[in-house]
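The figures that follow rest on heavy atoms only: side chains count, while hydrogens, waters and symmetry mates do not. Both counts, for ligands and for their atoms, begin at 1 and track the order of listing.
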Amino acid sequence: MRDRFVVEGLNGQKTLKGEIRVGGAKNAVLKALAATVLFEDDVPMTNVPDIEDVKRMHELLDALKTQPTILKKDIAEKFRASIVLTGPVLARYGAVEFPFPGGCVLGERAIDLFLNGFRAMGATVEEDDSYFKITAGGGKLKGARIVFPLVSVTGTETLMMAAVLAEGITVLENAAMEPEIADLALYLNKCSAKIEGAGTPTITITGGGLLHAGGISYDTPPDRIETGSFAILAALAAEDVTITNCNPGWVEVPLALLRQAGVNIETGADYIRILASEVPYKMVSVRTHEYPGFATDLQAPMAVFMSQCEGEGSILETIFDGRFRYVDDLVVMGAKMTVMNPHRVLVRGPAELSRKNLTSPDLRGGLAYILAATVAEGTSTIDNAYLIDRGYQHIEERLQKLGLNIKRESVE
Ligand code: EPU
């Protein structure tokens with residue numbers, strides 16, 4: 001048995017109304033859960049989203065209670081964020097064994113930056129058919145200066161966390177600047193870690209002993225990808241929708257592009273309100289980039305938006321080389337899109353979309369299908385709901401409240 005979503009399309013009408021609340025960020029809380037390994041006491045957490053990847057991380061952490069240095073293969077293979085556990089486990093126990101991490105298939109997703117970072121900190125790496133085995137020299141990682149040849153979100157987080165329990169000072173250069181990283185560092189510092197510069201390209205960590213939460217909770221920040229996805233949905237289908245409990249400052253670039261296209265957007269400290277405008281949207285072009293640039297995780301939803309804009313535009317995907325798997329299905333629905341190469345898609349619009357039975361290709365692509373089905377004429381289905389549930393909590397219930405006719409059903 002598996003689930004699928006059934007969406008009755010609005011046929012291009014903008015009718016959605018009401019409020020939609022943004023949940024806690026998947027890509028923040030998963031790292032905070034991994035960071036609990038750095039603590040001598042329990043870490044209270046708030047605003048934890050009820051999503052599949054969080055359940056998998058809990059399963060991995062539970063399994064570590066019996067085998068503290070082994071990340072169980074069958075669980076770790078289900079999601080990429082499992083790899084961030086390697087840093088805290090190696091730093092605390094002096095060794096870690098893990099399989100190649102799973103997650104969305106977005107082209108090549110190597111782990112060389114992690115392995116090289118651990119080596120720089122004095123660890124050795126052994127590899128057999130199914131596991132990597134990392135051992136810290138003398139049982140303890142040593143501080144090092146690590147220059148990332150390319151910007152990696154999980155690479156930065158993993159080595160930052162490992163350095164918290166290493167001997168001496170670690171400097172990470174060309175670090176990722178995602179706000180979830182700065183947010184995590186802020187929390188760890190409250191619990192006696194010494195991390196400076198998180199949120200900038202240079203992070204300096206002075207290693208020390210186990211952290212102590214002392215009852216201070218980790219408050220999961222709002223999910224900026226969910227925020228951006230809902231803003232795109234509202235631009236496509238809202239009469240008047242307010243996205244609440246979010247941080248508009250974290251989605252400035254996608255909002256700027258939507259405004260450039262003509263979307264009527266109002267923002268406050270923690271909300272974004274989108275009202276239908278009469279004029280057709282003008283085409284925009286998108287180039288994905290590390291934060292604060294346009295997030296690659298919003299690329300597929302944005303493509304659906306662009307399919308409804310007037311003119312010709314392009315999407316340049318600079319982070320991954322396998323992130324256009326959704327395009328073929330959108331084309332069958334009627335979108336005018338052409339894949340030029342693994343990094344570039346041309347979009348012409350506007351296009352009328354029509355119903356299709358779809359299968360979610362990955363987490364963000366699946367969300368894009370929900371958007372496309374919302375805009376389309378007729379009733380579409382989106383199979384493989386699990387992939388969407390990995391990152392979006394109870395999406396159908398939240399969209400129903402805006403007036404969308406979407407339901408979940410089980411299929412054999
Ligand atoms: N890369 C390497 N070697 C490495 C690590 C990364 O070559 O050792 C390459 C990747 O193949 C990619 C680039 O570096 O081409 C950047 O990847 P990055 O490491 O930043 O991505 P990630 O950490 O694996 C996180 C998010 C992704 C998000 C990207 C980019 C988590 C768990 N995942 O992945 O989120 O797309 O950053 O912002 O934080 C999602 O939530 O749907 C998702 C895919």
Engineer: In terms of side-chain geometry, is the basic nitrogen of Arg408 or Glu396 positioned less than 4.0 Å from the acidic oxygen of its partner?
Structural biologist: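 A salt bridge links Arg408 with Glu396.
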
Engineer: Does the side chain of Asn357 pick up a donor-acceptor pair with the side chain of Thr381 at under 3.5 Å?
Structural biologist: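 Present: a donor and an acceptor within the cut-off.
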
Engineer: For ligand 1, does Asp112 get within less than 4.0 Å through its side chain, its backbone, both, or neither, judged by non-hydrogen atoms?
Structural biologist: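 For Asp112, the contact with ligand 1 is made by both the backbone and the side chain.
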
Engineer: Any idea which part of Val151 is under 4.0 Å from ligand 1, heavy-atom wise: side chain, backbone, both or neither?
Structural biologist: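 Backbone only.
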
Engineer: Short list, please: which atoms of ligand 1 are under 4.0 Å from a heavy atom of Arg80?
Structural biologist: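 Within the 4.0 Å cut-off of Arg80, ligand 1 contributes 5 (C), 24 (O).
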
Engineer: Is atom CD of Glu397 surrounded by more than 12 heavy atoms (other residues, nucleotides or ligands) closer than 6.0 Å?
Structural biologist: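 Yes - once you tally the heavy atoms of other residues, nucleotides and ligands closer than 6.0 Å, there are more than 12.
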
Engineer: Which of the atoms in ligand 1, numbered in the order shown and given with their element, are less than 4.0 Å from a heavy-atom of Thr296?
Structural biologist: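 Counting from 1, the qualifying ligand atoms are 30 (C), 36 (O), 38 (O).
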
Engineer: Flag the pair Leu38 / Leu165 as yes when at least one side-chain heavy-atom distance between them is below 4.5 Å, and no otherwise.
Structural biologist: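 When only atoms from C-beta onward are counted, Leu165 and Leu38 do touch, with a gap below 4.5 Å.
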
Engineer: Would you say Glu127 and Phe132 make side-chain contact, with heavy atoms under 4.5 Å?
Structural biologist: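 A side-chain contact exists here, since the closest heavy-atom pair is under 4.5 Å.
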
Engineer: Quickly, which of Val347, Leu353, Leu371 forms a side chain to side chain contact (heavy atoms under 4.5 Å, CB included) with Gln308? Name it, please.
Structural biologist: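 One option only clears the test, and that one is Leu353.
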
Engineer: For ligand 1, is any non-hydrogen atom under 4.0 Å from Glu157's backbone (N, CA, C, O), its side chain (CB onward), both, or neither?
Structural biologist: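 Neither; no heavy atom under 4.0 Å.
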
Engineer: Among Gln299, His343, Arg323, which residue satisfies the side chain to side chain donor-acceptor pair (under 3.5 Å) criterion with Glu317?
Structural biologist: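 Among Gln299, His343, Arg323, the one meeting side chain to side chain donor-acceptor pair (under 3.5 Å) with Glu317 is Gln299.
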
Engineer: Need the ligand 1 atom indices (1-based, order shown) with element for anything under 4.0 Å from a heavy-atom of Leu363.
Structural biologist: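 Listed by number with element: 42 (O).
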
Engineer: Under 4.0 Å from any heavy atom of Arg323, which atoms of ligand 1 are there?
Structural biologist: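 Contacts of ligand 1 toward Arg323, numbered from 1: 36 (O), 42 (O), 44 (C).
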
Engineer: Tell me which one of Gly117, Ala110, Ser82 gets a heavy atom nearest to atom 6 (C) of ligand 1.
Structural biologist: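 Closest candidate by heavy-atom distance is Ala110.
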
Engineer: After noting the C-alpha distance and the side-chain angles of Arg390 and Asp362, does the key distance pass the salt bridge (Lys or Arg N to Asp or Glu O under 4.0 Å) rule?
Structural biologist: CA-CA 10 Å; Arg390 282 189 47 208; Asp362 54 60; over 6 Å; no

Engineer: Under the ring-ring contact (aromatic ring centres under 6.0 Å, His included) rule, collect the residues that match up with Tyr187, sequence neighbours excluded.
Structural biologist: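 In terms of ring-ring contact (aromatic ring centres under 6.0 Å, His included), with neighbours along the sequence ignored, Tyr187 is linked to Tyr218.
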
Engineer: Heavy-atom distances under 4.0 Å decide this one: backbone, side chain, both or neither, for Glu290 against ligand 1?
Structural biologist: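 Neither part.
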
Engineer: Under 4.0 Å, heavy-atom basis, I'd like to know which part of Thr154 is in contact with ligand 1: side chain, backbone, both or neither.
Structural biologist: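 Both backbone and side chain.
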
Engineer: Do any nitrogen or oxygen atoms of Glu178 come within less than 3.5 Å of a nitrogen or oxygen of ligand 1?
Structural biologist: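 There is no such contact.
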
Engineer: Any donor-acceptor pair under 3.5 Å linking the side chain of Lys336 with the backbone of Ser307?
Structural biologist: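 Absent.
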
Engineer: Within ligand 1, which atoms have a heavy atom of Ala81 less than 4.0 Å away?
Structural biologist: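 Those qualifying, in numeric order: 32 (C).
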
Engineer: Looking only at distances, can you tell me whether any N or O atom of Ile319, backbone or side chain, sits closer than 3.5 Å to an N or O atom of ligand 1?
Structural biologist: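 Right, the criterion is met.
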
Engineer: If we check salt bridge (Lys or Arg N to Asp or Glu O under 4.0 Å) with Glu226, which of these qualifies: Lys26, Arg398, Arg21?
Structural biologist: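 When Lys26, Arg398, Arg21 are each tested with Glu226, the salt bridge (Lys or Arg N to Asp or Glu O under 4.0 Å) holds only for Arg398.
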
Engineer: Please could you name the atoms of ligand 1 that Arg364 approaches to less than 4.0 Å, counting only its heavy atoms?
Structural biologist: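 Close to Arg364: 40 (C), 41 (O), 42 (O).
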
Engineer: Go through ligand 1 atom by atom and flag the ones less than 4.0 Å from a non-hydrogen atom of Lys26.
Structural biologist: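 Near Lys26, the atoms of ligand 1 are 40 (C), 41 (O).
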
Engineer: Any atoms of ligand 1 less than 4.0 Å from a non-hydrogen atom of Asp297? List them with their elements.
Structural biologist: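 Within the 4.0 Å cut-off of Asp297, ligand 1 contributes 27 (C), 28 (C), 35 (O), 36 (O), 40 (C), 41 (O), 42 (O), 43 (C), 44 (C).
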
Engineer: Determine, considering heavy atoms only, which of Leu30, Val153, Thr318 sits nearest to atom 20 (O) of ligand 1.
Structural biologist: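 Comparing heavy atoms across Leu30, Val153, Thr318, the nearest one to atom 20 (O) of ligand 1 lies in Val153.
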
